[in-house]
J.: 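Below is one structure. I have some questions about it.
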Amino acid sequence: VAAPPAPPRSEVLTSDPANNVSEYIYSKMGTNLHLQPDHPICVIKQAIYDYFEATAPGLFKPFDGLHPVVSARANFDEVLVPADHVSRSPNDTYYVNADTVLRCHTSAHQTELLRAGHSGFLVTGDVYRRDSIDATHYPVFHQMEGVRVFGPEDWAAAGMGATEFAEKELKGALEGMARALFGDGIECRWVDAYFPFTEPSYELEIFFNGKWLEVLGCGVMQQSILDANHPGGSGKKAWAFGLGLERLAMVLFGISDIRLFWSGDERFLRQFKRGDLKARFKPYSKFPPCLKDMAFWVSPNFTENNLCELVRGIGGDLVEEVTLIDEFTNSKTGRTSNCYRITYRSMERSLTDEEVNSLQDRVRKAVSEELGVELR
Ligand code: PHE
């Protein structure tokens, strides 16, 4: 597959009043970790593709190069995300303009691929979400979506009802995938969940390293999505799943910090190879962190996601974590004070005091100028 290039700058960083995409986010577009051979994100992707190809030859068509800039319609409306759902908020999603977003999940491609007549597909790509900052959250990550459509002959042959059949197929396929990745002995359990686009909906959890871990979300596709989009329409039934590749790779390979995927460091990359699911990441060094606290009176429209966006924009991948460590409201004035701790740490080298102080000075200046808060 040809890697999709980054879209032109002018198409993403527009002056539209609804635009909330930053230079930092734009700089990540077109990297396509899922298409870099031997990158752990690509290794997991390929292992899942290989599993589906081995168990159902030719049934799942892979799509690795779909453009991450999509319509809000496809990302939300067409997959039945309610008008008041939090994920639509510009605090959670990157908007290019009011009608166009950076996809926040690969489910954004379900309807176009159904309309194109596909009955089985796997979509892998970069997805974008505004969020807090810590070792497992990064504003860009990679998801894989899987969809399989059945016809009446399929559930008739099994002597089952349509939904019951789709659910059984779904669970069988995904438990098989979990075994293919984590080994035959892996313990799985199904937890009831909610997604607007599936009913019933489940999360798959696996018991790994002594803990139950959520691996993916899935369910039987809402019939109205199928009816409105698939040429076979109302006679069909489908299942869908979506999973985060970083999360799977971190669990399977023991990768401790999500920024490592983006570092390009040879000491990281050389530890992984296509087809090798047995690799366990050996940390090569851990440089000392540098902690900086910052207290301010919040403004009415202050949000943690906005703060994190701003800190990332200045500190880039040197920011490891942003945590609220203290919060109180003055009973006389009613004003609320937050104290945030920013942890700076490079994965490649020791940071100097001057460098961190200068980043922190810029952060302090920007929060007071751009977030309307009052530093204490
Ligand atoms: N899109 C969901 C998410 O990002 C995952 C999902 C996909 C769930 C398909 C069900 C079916 O969390």
Side-chain angles (χ1 to χ4, degrees), residues 34 41 44-45 48 52 60 62-63 66 68 70-82 85-89 92-94 101-114 118-131 136-150 163 166-175 177-178 188 190-206 213-226 228-230 236-251 258:
H34 63 297
I41 295 300
I44 299 270
K45 177 202 78 170
I48 301 176
F52 278 103
F60 291 89
F63 293 89
L66 299 178
V70 302
S71 68
R73 258 187 89 79
N75 194 78
F76 297 123
D77 305 79
E78 292 183 355
V79 285
L80 312 179
V81 175
H85 197 273
V86 283
S87 64
R88 292 189 187 243
S89 151
D92 288 37
T93 290
Y94 292 101
V101 300
L102 306 189
R103 65 185 165 210
C104 71
H105 56 177
T106 43
S107 303
H109 298 289
Q110 279 190 12
T111 54
E112 60 176 298
L113 293 174
L114 289 171
H118 297 293
S119 290
F121 52 84
L122 298 165
V123 179
T124 306
D126 40 334
V127 301
Y128 296 79
R129 290 188 195 173
R130 300 182 90 238
D131 212 330
T136 60
H137 290 87
Y138 202 79
V140 193
F141 60 103
H142 297 76
Q143 280 192 333
M144 185 191 296
E145 191 87 3
V147 168
R148 169 92 206 268
V149 182
F150 300 101
T163 304
E167 185 175 327
K168 181 177 154 278
E169 286 289 317
L170 169 68
K171 289 180 170 173
L174 294 176
E175 286 172 14
M177 182 192 79
C188 294
W190 293 97
V191 179
D192 289 330
Y194 164 79
F195 301 104
F197 23 92
T198 49
E199 177 62 35
S201 303
Y202 300 98
E203 275 162 6
L204 174 61
E205 295 188 345
I206 58 164
L213 295 167
E214 182 204 321
V215 175
L216 56 81
C218 66
V220 178
M221 188 181 285
Q222 291 281 8
Q223 194 61 35
S224 64
I225 300 180
L226 210 45
N229 296 287
H230 197 267
K236 306 272 176 168
K237 203 78 201 171
W239 59 240
F241 73 82
L243 56 81
L245 292 169
E246 274 80 354
R247 185 177 165 75
L248 272 184
M250 289 179 86
V251 171
I258 196 164

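In what follows, every heavy atom counts, from backbone to side chain, and hydrogens, waters and symmetry copies are set aside. Atoms within a ligand are numbered from 1 in the order they appear, just like the ligands themselves.
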J.: To the nearest 0.5 angstrom, please state how far the CE atom of Met144 sits from the CZ atom of Phe52.
T.: 8.0 Å
J.: Taking only residues two or more places apart in sequence or in another chain, which ones pass ring pair (Phe, Tyr, Trp, His ring centres under 6.0 Å) with Phe63?
T.: His118
J.: Does a donor on one side chain sit under 3.5 Å from an acceptor on the other, for Arg129 and His137?
T.: no
J.: Please produce the table of protein N or O atoms sitting under 3.5 Å from N or O atoms belonging to ligand 1, one pair a line, distance to 0.1 Å.
T.:
unit_1	atom_1	unit_2	atom_2	d
ligand 1	1 (N)	His105	ND1	3.1
ligand 1	1 (N)	Ser107	OG	2.9
ligand 1	4 (O)	Arg129	NH2	3.0
ligand 1	4 (O)	Gln143	NE2	3.0

J.: Let me confirm one number: the CZ-NE2 distance from Arg103 to His109, rounded to the nearest 0.5 Å.
T.: 4.0 Å
J.: Taking the six-membered ring for Trp and the full ring for Phe, Tyr or His, determine whether the centres of His105 and Phe195 are under 6.0 Å apart.
T.: no
J.: If we only count heavy atoms from C-beta on, is the Leu216 to Leu174 side-chain gap below 4.5 Å?
T.: yes
